[in-house]
Visitor: 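Handing you a structure now.
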Amino acid sequence: MSQPADLTCEFAGLRLHNPIILASGILGTSAALLERAALSGAGAVTAKSCGPIPRLGHPNPVALDWGGGLINAIGLTNPGAEEEARVLTAARERLHSLGVPLIASVFAGTVEEFSQVAGAVARAHPAAIEVNISCPNVADEFGTPFAATCESAAAATAAVKSATDIPVFVKLAPNVPNIARIATAVEEAGADAITAVNTMPGMVIDAEAGRPVLSNRVGGISGPALKPVALRCVYEIARSVRVPIIGTGGVNDGRDAAEMLMAGATAIGVGSAVWYRGVAVLGQIAGELAGFMKAMGYPDLAALRGKAH
Ligand SMILES: Cc1cc2nc3c(=O)[nH]c(=O)nc-3n(C[C@H](O)[C@H](O)[C@H](O)COP(=O)(O)O)c2cc1C
């Protein structure tokens, strides 16, 4: 893995070989898979979200490529926070020697559970905890995702902040009327960074069968269809907050990564591209980004950041 020196960066206190970060949920939580992402050249890796208790997730089919992107409703399959802490400990030990930070990811159904899950996961000493308040499958007791209002987003953020000293990243949903206001609320509640965005709720129907393709009927859209949505979200958030942003959504190559930086991101989350191009895509996108910068005469990442503003 040889990355040009000008891709190294600092993100919310984390030192990264490059700004390409494996997005949550794409390669599960197993230590071996996360290590594979690191070996392939990721700057950091995010584990799959875990909640308070084990969850089997939805029956198949849970994901498909519908042509313009992916749709998934995995149903947050996870082993529960206590077991997850053990898995993350093993993963962190493997990643440490590679100099690749591990980002844990947590979800919960109540504010109290958020702090409980974060406290359990923090015992594995990940470099950061990402707070998934935006999964289409997760909602508060009234059926609304925490990412939908400033008050609930801030409450989940504050709960995780109070449970740990580890940097806290908060992952926002694209389907809100004013994402900049939500971002401002989580920044004020103590978020050290923002991940934007999670998947966009959608549905794919099998016309011959006359029914939705996913067992859960609805799911989250990711991949190419999400990119313009994600760019707009990152652009609006960057105008409103000072904390750094992991721009996530539809990044499939180095040029897409450059666009995300131009919108105002400091790092780039990559998920569906692993499905399309294989796990080696993480290092490849970093290399392609470096190639784009050289061809276009950008001396460093700072020269790209916010360029579109
Ligand atoms: C199969 C699949 C599973 C996912 N699981 C999670 C998850 O557990 N937690 C989470 O925060 N995001 C999850 N996501 C969302 C991704 O982390 C990412 O935000 C989204 O896919 C947009 O990025 P992309 O277009 O590069 O895939 C998942 C996405 C996919 C495709």
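The first residue in the sequence is number 1, and the count goes up from there. Start at 1 and go down the list; that is how both ligands and their atoms are numbered.
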Visitor: If you have a sec, work out which protein heavy atom is nearest atom 31 (C) of ligand 1 and how many Å separate them, to one decimal?
Guide: N72 ND2, 3.4 Å

Visitor: Please list the nearest protein heavy atom to atom 26 (O) of ligand 1 with its residue and the distance rounded to 0.1 Å.
Guide: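 Result: G271 N, 2.9 Å.
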
Visitor: Determine whether the side chain, the backbone, both or neither of K171 has a heavy atom under 4.0 Å from any heavy atom of ligand 1.
Guide: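 Side chain only; the backbone of K171 stays clear of ligand 1.
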
Visitor: Are any of the N or O atoms of S105 closer than 3.5 Å to those of ligand 1?
Guide: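 No; the residue has no nitrogen or oxygen that sits under 3.5 Å from a nitrogen or oxygen of the ligand.
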
Visitor: How close does the nearest protein non-hydrogen atom get to atom 28 (C) of ligand 1, and which residue and atom is it?
Guide: S24 O, 3.6 Å

Visitor: For atom 8 (O) of ligand 1, grab the closest protein heavy atom and report residue, atom and distance to one decimal in Å.
Guide: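 Protein heavy atom at minimum distance: K48 NZ, 3.0 Å.
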
Visitor: I need the atoms of ligand 1 closer than 4.0 Å to a non-hydrogen atom of T248, numbered in the order shown.
Guide: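 Listed by number with element: 18 (C), 19 (O), 22 (C), 23 (O).
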
Visitor: Pull out every atom of ligand 1 sitting under 4.0 Å from any heavy atom of N198, numbered as shown with elements.
Guide: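 Listed by number with element: 10 (C), 11 (O), 12 (N), 15 (C), 19 (O).
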
Visitor: With atoms numbered from 1 as shown, which atoms in ligand 1 lie under 4.0 angstrom from a non-hydrogen atom of I26?
Guide: 29 (C), 30 (C), 31 (C)

Visitor: Should V197 be listed as contacting ligand 1, given a heavy-atom distance under 4.0 Å as the test?
Guide: yes

Visitor: What protein heavy atom lies closest to atom 20 (C) of ligand 1? Include the residue and the distance to one decimal.
Guide: T199 CG2, 3.8 Å

Visitor: Looking only at distance, does G269 have an N or O less than 3.5 Å from an N or O of ligand 1?
Guide: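 Such a contact does not occur with ligand 1.
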
Visitor: Nearest protein heavy-atom contact for atom 21 (O) of ligand 1: which residue, which atom, what distance?
Guide: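 Going by distance alone, atom 21 (O) of ligand 1 is nearest to S222 CB, 3.3 Å.
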
Visitor: Does only the side chain of N132 get under 4.0 Å from ligand 1, or the backbone, or both, or neither? Count heavy atoms.
Guide: side chain

Visitor: Nearest to atom 3 (C) of ligand 1, what protein heavy atom do you find, and at what distance?
Guide: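 For atom 3 (C) of ligand 1, the nearest protein heavy atom comes out as G25 O, 3.5 Å.
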
Visitor: With atoms numbered from 1 as shown, which atoms in ligand 1 lie under 4.0 angstrom from a non-hydrogen atom of S49?
Guide: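 Under 4.0 Å from S49, ligand 1 has these atoms: 7 (C), 8 (O), 9 (N), 10 (C), 11 (O).
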
Visitor: For atom 25 (O) of ligand 1, tell me which residue out of A273, G250, P174 has the closest non-hydrogen atom.
Guide: G250

Visitor: With a sphere of 6.0 Å drawn around CZ of R255, does it hold more than 12 non-hydrogen atoms of other residues, nucleotides or ligands?
Guide: no

Visitor: State the atoms of ligand 1, each with its element, that fall below the 4.0 Å cut-off from a heavy-atom position in S272.
Guide: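 Listed by number with element: 24 (P), 25 (O), 26 (O), 27 (O).
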
Visitor: Could you check R232, R305, K227, K307 and say which one makes a salt bridge (charged side-chain N to carboxylate O under 4.0 Å, His left out) with E259?
Guide: K227

Visitor: For E151, give me all partners under salt bridge (charged side-chain N to carboxylate O under 4.0 Å, His left out), at least two apart in sequence or on another chain.
Guide: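 With sequence neighbours excluded, E151 shows a salt bridge (charged side-chain N to carboxylate O under 4.0 Å, His left out) to no residue whatsoever.
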
Visitor: Could you tell me whether R217 atom CZ has more than 12 heavy atoms of other residues or ligands within 6.0 Å of it?
Guide: no

Visitor: Under a 4.0 angstrom heavy-atom cut-off, which atoms of ligand 1 come close to A23?
Guide: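 Selected atoms, number and element: 17 (O).
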
Visitor: Out of I268, L226, I74, whose heavy atom is nearest to atom 22 (C) of ligand 1?
Guide: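 Considering heavy atoms of I268, L226, I74, the nearest to atom 22 (C) of ligand 1 sits in L226.
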
